[in-house]
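Here the structure is laid out as structure tokens; the discussion comes afterwards.
Chain letters run A, B, ... following the sequence lines, proteins first and then strands; every chain starts at 1. Reckoned from all heavy atoms, side chains included, excluding hydrogens, waters and symmetry mates.
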Amino acid sequence: MAEQERLRPLVLPQGITARDVHLVAGVDVAYAKDESIVAGAVVVLDAHTRHIVDSASASRPVDFPYVPGLLAFRELPALLDALAALHTRPDAVACDGYGTAHPRRFGLACHLGVVTDLPTFGVAKTAFIGEYEQPGPQRGDRSQLTDHGETIGHVLRTRPGTRPVFVSTGHRIDLDTATQLTLALTADHRLPETTRHADRLSRQVLADRLGHG
DNA sequence: GCGACAG
DNA sequence: ATCTTGTCGC
């Protein structure tokens, strides 16, 4: 009995597959122009209808500078507060940034996943590390993002005529599943609906807080 | 040493 | 990220 309790945390977390995802959340943050306040937002969508099921937010003083590679220390506090205020438990979380495609293989998405034990993945808008060939022009076309011969992500075309996004694994999910989910969350725009909603909400929350003193 | 560098 | 005007296109 006591033995089981000690061993449980050592069991490898089970990874999910796309069919396990019914509720998918998106997270993002917005900063005041002077970088004094950060607002975090999380929006949960029905993975198939892409309708909003739940959402929450939080704002607080910024307490860590922007340092490439250390984004989690700057954004996680607000995101964790927002997630704690959620009334729903998402099956997966799409992050605005990188997961494994990180200098230390532990970007924001990995950090958030480990702390919350939620499956997570990252969808970044611009390159960070690694090398890649430009993916094909059609939606769904992808190329490998590699670093020292290791595949660390996918450069994915989510929409024709726009720049590709950079998908990487976060926690308890594999790259192909993360890529599948990213495509499932995009249709009319380059970025996933999850992050688009979270981005909008975080800006609104920030504006409200700034406006109300 | 110099440049690059998610958000 | 945020600042910042107009502009090209669906």
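Ion pairing between a basic and an acidic side chain is recognised when a charged N comes within 4.0 Å of a carboxylate O; A:R196 and A:D28 show no such pairing.
Tracing side-chain contacts under 4.5 Å through hydrophobic residues (I, L, V, M, F, W, Y), one never reaches A:L108 starting from A:F73; they form parts of separate clusters.
Across A:A41 and A:A198, no two heavy atoms sit closer than the pair CB-O, 3.5 Å.
Whole-Å rounding puts the A:L210 CG to C:dA1 P distance at 17 Å.
Rounding to the nearest 0.5 Å gives a distance of 8.5 Å between CD of A:E133 and OG1 of A:T146.
For A:F166 and A:Y132, the distance between ring centers is under 6.0 angstrom.
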Distances for protein N/O vs nucleotides 4-7 of chain B N/O pairs under 3.5 angstrom?
| unit_1 | atom_1 | unit_2 | atom_2 | d |
| --- | --- | --- | --- | --- |
| B:dA6 | OP2 | A:Y66 | OH | 2.5 |
| B:dA6 | N7 | A:G69 | N | 3.1 |
| B:dA6 | N6 | A:G69 | O | 3.1 |
| B:dA6 | N6 | A:L70 | N | 3.4 |
| B:dA6 | N6 | A:L71 | N | 3.1 |
| B:dA6 | N1 | A:L108 | N | 3.1 |
| B:dA6 | N3 | A:Y98 | N | 3.1 |
| B:dG7 | OP1 | A:K125 | N | 2.9 |
| B:dG7 | OP1 | A:K125 | NZ | 3.4 |
| B:dG7 | OP2 | A:T126 | OG1 | 2.9 |
| B:dG7 | O3' | A:D96 | OD2 | 3.4 |
| B:dG7 | N7 | A:Y66 | OH | 3.4 |

